[in-house]
Structures are given as C-alpha cells and as structure tokens.
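Remember, it's 1-based here, ligands and their atoms both numbered in the order they're listed. This structure is a prediction, so every number in the text was calculated from the model and none was measured.
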Amino acid sequence: MVLKLVVLISGTGSNLRSLLEASQDAQFPARVVAIGADRDADGLALGEEFGIPTFTVPFTAFPDREAWGTELIAQVRLWEPDLVILSGLMRLVPAAVVDAFSPHLINTHPAYLPEFPGAHGVRDALAAGVDQTGASLIVVDNSVDGGPIIAQERVPVLPGDTESSLHDRIKPVERRLLIQAVLDIANSHLDLKELAR
Ligand code: GAR
C-alpha cells in the first residue's frame with residue numbers, strides 16, 4: 001500500500017525534507033501529497049523544489065483556534081490522506097482536528113516524552129540540566145504531547161551544548177523514527193488504531 005501523507009509545518013521543514021527525499025525512492029511506500037502550514041513557513045518552499053502542492057491556513061487570520069481548525073480540516077481533507085504528520089507545526093490543534101484524523105495524526109517532538117512536552121522541548125531539557133534527552137513520535141490526542149508513543153530514542157546532552165547544537169543532533173533521530181514509522185504503517189507492521197486503543 002502506498003500511503004498518502006499530508007505534512008503540516010511551521011518552520012524550516014528540515015524533517016519534512018528528509019521524508020521527501022526518502023519518498024523519491026520508488027520503493028518507498030508513501031508519498032507526500034500536500035504540505036500545509038499555519039503561517040508563511042520557510043519549509044513551504046520545499047513544495048516547489050519537490051513538485052508538491054502547498055496550502056496555508058494562517059492561524060492569525062481566524063478569530064479563534066476552533067475556526068482555524070475547521071478550515072485546516074477542510075484543507076487537509078481535500079487530499080484524502082492516510083496519515084497526517086505534524087512535523088514542526090507549532091500550534092496546539094483543537095479537538096475537532098483530533099476527532100477528524102487521530103489516530104492517523106502523528107507528531108514529532110524533540111524530547112523523550114513524557115519529559116519536556118510543549119513548544120520548547122529542547123530548551124526545557126537544557127534548562128533542567130539533564131544529561132540525556134531524546135526524540136519522540138506520538139499519536140496526537142487532546143493532551144499536550146501526551147498521546148500514545150509510537151517510537152522514541154535517547155539523545156545525550158553534551159557539555160557545551162546550546163539549544164541549536166542539541167536540536168541539530170535530535171532532528172536526525174526524529175527523521176529516522178518518522179521514516180521507520182511510515183514504513184511500518186505502510187507495511188502493516190504498525191497499527192495506529194491498535195496503539196491508540
Ligand atoms: C522538530 O524538532 C519538531 O520535532 C519540532 O519542531 C522541529 C521542526 O524542525 N516540533 C515541536 O517542537 C512540536 N512541539 P524542522 O522545521 O526543521 O523540521
């Protein structure tokens with residue numbers, strides 16, 4: 001089965017890039033059918049580079065999170081995805097989005113959940129002075145990064161690490177976890193409904 005993916009971003013989309021590169025292999029069992037963003041994200045340029053349609057549902061153009069979510073659902077549904085990936089979407093999605101897509105709605109996070117949830121997972125790990133953090137891939141539910149864990153891996157914090165150096169070491173782990181999960185879902189080795197039951 002070839003999975004249709006919609007990937008939602010807010011930033012540079014470097015994890016998205018690795019997914020797009022992986023899916024250039026004809027054997028890879030998934031295709032990104034659309035890239036969406038909540039703002040004028042740099043990563044939308046990947047759409048042009050890889051020939052993938054893009055859409056933007058600007059968060060600030062809507063009166064509230066619920067109205068934004070309603071339009072986001074409509075835009076994502078146009079592509080009839082098998083899986084929706086939040087790959088650096090820096091917004092909490094409203095319950096209607098969870099209801100519409102979960103458990104086929106997954107999120108990458110730059111920490112070893114349930115440690116350091118939220119928008120600043122890398123910064124919070126550094127501030128806590130831990131000697132290891134990690135990367136996680138989860139099913140999105142109505143909690144803040146508290147959904148069922150699909151995969152996660154530890155990443156050491158090294159002396160002298162900055163938020164950016166640590167994040168740069170976490171991201172390749174996130175990419176590996178994400179690509180493996182997409183493969184496992186496509187090959188029926190991972191059942192998100194079962195995981196989220
Ligand atoms: C990734 O590390 C992703 O896990 C994180 O944003 C980064 C996006 O990087 N997401 C969160 O922190 C969500 N709470 P990218 O735009 O370079 O792929």
Side-chain angles (χ1 to χ4, degrees), residues 5-24 30 32 34-50 52 54-59 65 68-69 72 83-94 97-98 101-102 105-128 130 132-158 161-182:
L5 313 176
V6 168
V7 182
L8 301 179
I9 62 169
S10 295
T12 57
S14 63
N15 288 355
L16 165 61
R17 172 183 285 281
S18 75
L19 192 57
L20 290 166
E21 287 171 352
S23 65
Q24 283 188 318
V32 178
I35 301 165
D38 65 323
R39 64 179 77 158
D40 187 16
D42 289 347
L44 288 170
L46 291 168
E48 194 167 341
E49 187 179 334
F50 285 83
I52 311 281
T54 63
F55 61 89
T56 307
V57 184
F59 186 81
R65 188 176 305 278
W68 171 73
L72 186 67
L83 185 65
V84 181
I85 301 173
L86 309 188
S87 184
L89 183 78
M90 301 306 285
R91 300 273 176 205
L92 290 178
V93 293
V97 172
V98 175
F101 303 116
S102 195
L105 176 66
I106 68 176
N107 180 40
T108 62
H109 185 74
Y112 199 86
L113 292 168
E115 300 168 7
F116 311 116
H120 305 291
V122 182
R123 190 185 307 171
D124 292 347
L126 269 181
V130 292
Q132 55 176 358
T133 179
S136 302
L137 183 67
I138 60 170
V139 175
V140 178
D141 66 8
N142 284 314
S143 66
V144 178
D145 295 327
I149 292 169
I150 299 166
Q152 59 186 168
E153 196 171 307
R154 284 290 185 189
V155 175
V157 179
L158 301 180
D161 254 339
T162 61
E163 185 174 351
S164 124
S165 68
L166 180 54
H167 206 166
D168 283 349
R169 283 207 320 288
I170 292 172
K171 282 186 181 183
V173 180
E174 291 186 84
R175 292 168 195 155
R176 187 155 40 72
L177 297 180
L178 177 60
I179 287 171
Q180 187 61 51
V182 169

Worksheet entry | Ser10 and Asp38: side chain donor to acceptor below 3.5 Å |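 Asp38 and Ser10 do have a side-chain donor-acceptor pair below 3.5 Å.
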Check: In terms of side-chain heavy atoms, does Arg175 have a donor or acceptor partner in Thr108 at a distance below 3.5 Å?
Finding: no
For Ser87 and Leu16, work out which heavy atoms get closest and say how close.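 Nearest pair, atom of Ser87 first, then Leu16: OG-N, 3.9 Å.
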Original post:
Do you know the tightest heavy-atom contact between Leu44 and Ile9?
Top reply: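 What the structure gives for the nearest pair is N-CD1, 3.7 Å.
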Here the salt bridge (charged side-chain N to carboxylate O under 4.0 Å, His left out) pairs for residues 134-149, sequence neighbours left out, are none
Output for ligand 1, non-hydrogen cut-off under 4.0 Å, lists Gly11, Thr12, Gly13, Ser14, Asn15, Gly88, Met90, Thr108, His109, Pro110, Gly118, His167, Lys171, Glu174
Result for side-chain contact (heavy atoms from CB on, under 4.5 Å) between Asn107 and one of Val139, Leu178, Ile85, Leu86 points to Leu86
